[in-house]
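Notes to accompany the following structure.
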Amino acid sequence: MKILIVNGPNLNLLGIREPGIYGSSSFEQYLPVLQARYPDVEIAYYQSNIEGELIDKMQQEGFSVDGIVLNAGAYTHTSVALHDCIRSLKSPVVEVHISNVHQREAFRHHSMISAACLGVICGFGLDSYRLAIEALLARR
């Protein structure tokens with residue numbers, strides 16, 4: 001099984017950016033934990049601050065991987081383009097958020113991409129990614 005994790009804008013600063021909200025670990029520190037937990041799953045990782053690059057990567061991989069875990073960051077709340085991209089893919093996409101966006105600012109309460117995704121997981125810190133992988137594995 002192959003799963004692609006895609007992180008959007010500012011998630012390259014995990015561990016540095018607002019640790020009270022996002023924790024003190026970078027995603028690069030967390031990724032080996034996921035890979036060790038799921039040794040039979042090929043887990044690839046991609047991050048970009050640029051919306052078009054996120055779309056390009058998901059279009060390149062979204063017809064061959066078994067699932068995509070997507071934390072679109074702030075693009076979650078603004079991107080019709082990501083929504084349309086997700087709808088065009090063969091691979092199911094699980095939307096994830098590290099924080100509980102519903103406990104935060106009102107503008108974070110609406111997702112432009114949720115309707116195109118298999119499901120949404122938020123509020124469990126970096127463990128949200130593990131829960132998304134579990135959801136994808138359960139669909140095998």
Scan the side chains in residues 52-68 for donor-acceptor partners under 3.5 Å anywhere in the protein, sequence neighbours excluded, and list what turns up.
residue, atom, partner, partner atom, Å
Glu53, OE1, Ser48, OG, 2.8
Ser64, OG, Glu61, O, 3.3
Asp66, OD2, Lys2, N, 2.7

Heavy-atom nearest pair, Val94 first then Ala132, reads CG1-CB, 3.6 Å
If we count only N and O atoms by modelled type, under 3.5 Å, do the side chains of Asn49 and Glu51 hold a donor and an acceptor together? no
Determine whether Phe124 and His97 make a side-chain contact, defined as any pair of heavy atoms from C-beta on separated by less than 4.5 Å. no
Could you give the distance from CD1 (Ile86) to SG (Cys117), rounded to the nearest 0.5 Å? 4.0 Å
Measuring only between side-chain heavy atoms, which start at C-beta, is Leu11 closer than 4.5 Å to Phe27? no
Hey, what do you get for OG1 (Thr76) to CD (Glu95), rounding to the nearest 0.5 Å? 5.0 Å
Distance col, row Ser25:OG vs Ile16:CD1, nearest 0.5 angstrom, shows 11.0 Å
Is a donor on one side and an acceptor on the other found under 3.5 Å between the side chain of Gln47 and the backbone of Gly8? yes
Distance col, row Tyr30:OH vs Leu126:CG, nearest 0.5 angstrom, shows 6.0 Å
The side chain to side chain donor-acceptor pair (under 3.5 Å) partners of Asn7 (sequence neighbours excluded) come to Tyr45, Tyr129
Spell out, as yes or no, whether a donor-acceptor pair under 3.5 Å connects the side chain of His83 to the backbone of Met112. yes
Does any part of the side chain of Val6, heavy atoms only, come nearer than 4.5 Å to the side chain of Asn71, both counted from C-beta? no
May I ask you to test the Arg37-Arg130 pair for a side-chain heavy-atom distance under 4.5 Å? yes
Dump the intermediate steps for side-chain contact (heavy atoms from CB on, under 4.5 Å) on Leu131 and Ile133, then the final yes or no. CA-CA 5 Å; Leu131 294 169; Ile133 290 171; over 6 Å; no
Atom CG in Asn100, atom SG in Cys122: separation rounded to 0.5 Å? 4.5 Å
Close side-chain approach of Glu42 to Met1, heavy-atom, < 4.5 Å: no
Student check: side-chain heavy atoms of Tyr46 and Ile5 closer than 4.5 Å: no
Linking I/L/V/M/F/W/Y whenever any side-chain heavy atoms sit under 4.5 Å apart, do Leu89 and Val96 land together? no
